[in-house]
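Input: a single structure, listed below in structure tokens.
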Amino acid sequence: MLVDGRVRSNVIASQDVHKRWGGVVPELASRAHQEHIVPVVSEALRQADMAKEDITAIAFTQGPGLIGALLVGACYARSMAQALEIPLIAVDHIKAHVLAHFIQDHEERSVPQFPFINLTVSGGHTQLILVRSALDMKVIGTTLDDAAGEAFDKGAKILGLSYPGGPLVDTHAIAGDPSRHTLPRTDPPDLAMSFSGVKSAFMALVRKGSAADPDFIERELPHLCAALQATIIDQLLMKLKRATEEHAIISVGLSGGVSANSELRKRAALRADREGWDLHLPPFAYCTDNAAMIAMAGHYLHLAGEHAGLDTVPVARW
Ligand code: KG4
Ligand code: ZN
């Protein structure tokens, strides 16, 4: 719930169903959304100390994402907009990750100056975005294959870690030496990125090690995690630096699930000191998927009068 542009509540239903199956099973994800949507909205209202009738507009994620889960949110939001006779606002999930920088809650936070370059790193997307204003964004670089979060998750799966593996790789890597195992560095042309090669090389490394020593993963776990993580971060920061140079911009943001990664945050901050960037990272709660960022994006669209029709349908791919 957003009141006067400020977050009053940000409720997330636990996604344990994915853990159990080692990944996202689309049908189970949709069913979990159906089960959770009513209690989650009630809880958000309760925490914000509001009644349904106090809501003046409702924003929902139109996409990109899993169509079944998107449909649940879209149907709920459309029904609510119709029943309460309030505007409906359709939000682009990826733009919302960028606008997470502007979320204010009980704390006052500094926000990036426009124009800024945002590196949006999630489980499904990895994009460099030139952000000219809250509603004017241009993708200037993207991954050619896997997303950075996907590389974390697939790498973790190779190591037998549960889903989503990104946070586990982050934790195990703390005790690891990133230079003990080498993985090839990938540098596609200009601002393009690629992470599928890292995953394949990582699988080959683990297979070879495990063939020679059945305890390879157990013994080397922190070092393997550190190597995988460092390789992904190297490419992300290299491309981010290139983007800032090409566009002569020092205002920089990092957001999306992978921006919760402790090593990425640390190294980005060091790089910012060296390069003179004005770096912004959302607090953890607003890095991974959250309702507050959708509400924030909805707030800007609402101010611009960009409302959606009650027949708006979700889109899996933007
Ligand atoms: O933005 P997000 O919550 O959902 C999508 O839009 O995809 O991002 C989820 C991704 C997953 O791949 C997850 O493993 C990764 O973010 N992630 C992390 C960390 N926390 C979440 N990756 C590395 N280190 C983390 N601490
Ligand atoms: Zn996301």
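Atoms considered below: every heavy atom in the structure, side chains included; atoms not considered: hydrogens, waters and symmetry mates. Ligands are counted one by one from 1 in listed order, and the atoms in each one are counted from 1 as well. No experiment lies behind these values; they were computed from the predicted model shown.
For a threshold of 3.5 Å applied to N or O pairs, the pair formed by G165 and ligand 1 contains no separation below that value. Taking only nitrogen or oxygen atoms, main chain and side chain alike, G149 reaches within less than 3.5 Å of ligand 1. The distance criterion of under 3.5 Å between nitrogen or oxygen atoms is not met by E150 with respect to ligand 1. For D170, a nitrogen or oxygen atom sits less than 3.5 Å from a nitrogen or oxygen atom of ligand 1, counting backbone and side chain alike. An N or O contact shorter than 3.5 Å links D289 to ligand 1 by distance. Where the criterion is an N or O separation shorter than 3.5 Å, residue side chain and backbone included, G166 meets it with respect to ligand 1. Looking at P164 next to ligand 1, no N or O pair under 3.5 Å apart turns up.
In this structure, the protein non-hydrogen atom closest to atom 20 (N) of ligand 1 is G257 O, 3.4 Å.
Of all the heavy atoms of H97, the ones lying under 4.0 Å from any atom of ligand 1 belong exclusively to the side chain. With a 4.0 Å heavy-atom cut-off, ligand 1 is reached by the backbone of N261 and by its side chain too.
Under 3.5 Å, the side chains of S122 and H97 contain no donor-acceptor pair of N or O atoms.
Residue contact check for ligand 1: H93 places a non-hydrogen atom closer than 4.0 Å to it.
Residue H97: an N/O/S atom is found under 2.8 Å from the Zn ion (ligand 2).
Checked for salt-bridge contact, E245 and R242 miss the test: no charged N lies under 4.0 Å from a carboxylate O.
Ring pair H181/F216 is perpendicular by interplanar angle, where above 60° counts as perpendicular and below 30° as parallel.
Checked against the 6.0 Å centroid threshold, F114 and F102 count as a close aromatic pair.
Here the N, O or S atom of D289 that is nearest to the Zn ion (ligand 2) is OD1.
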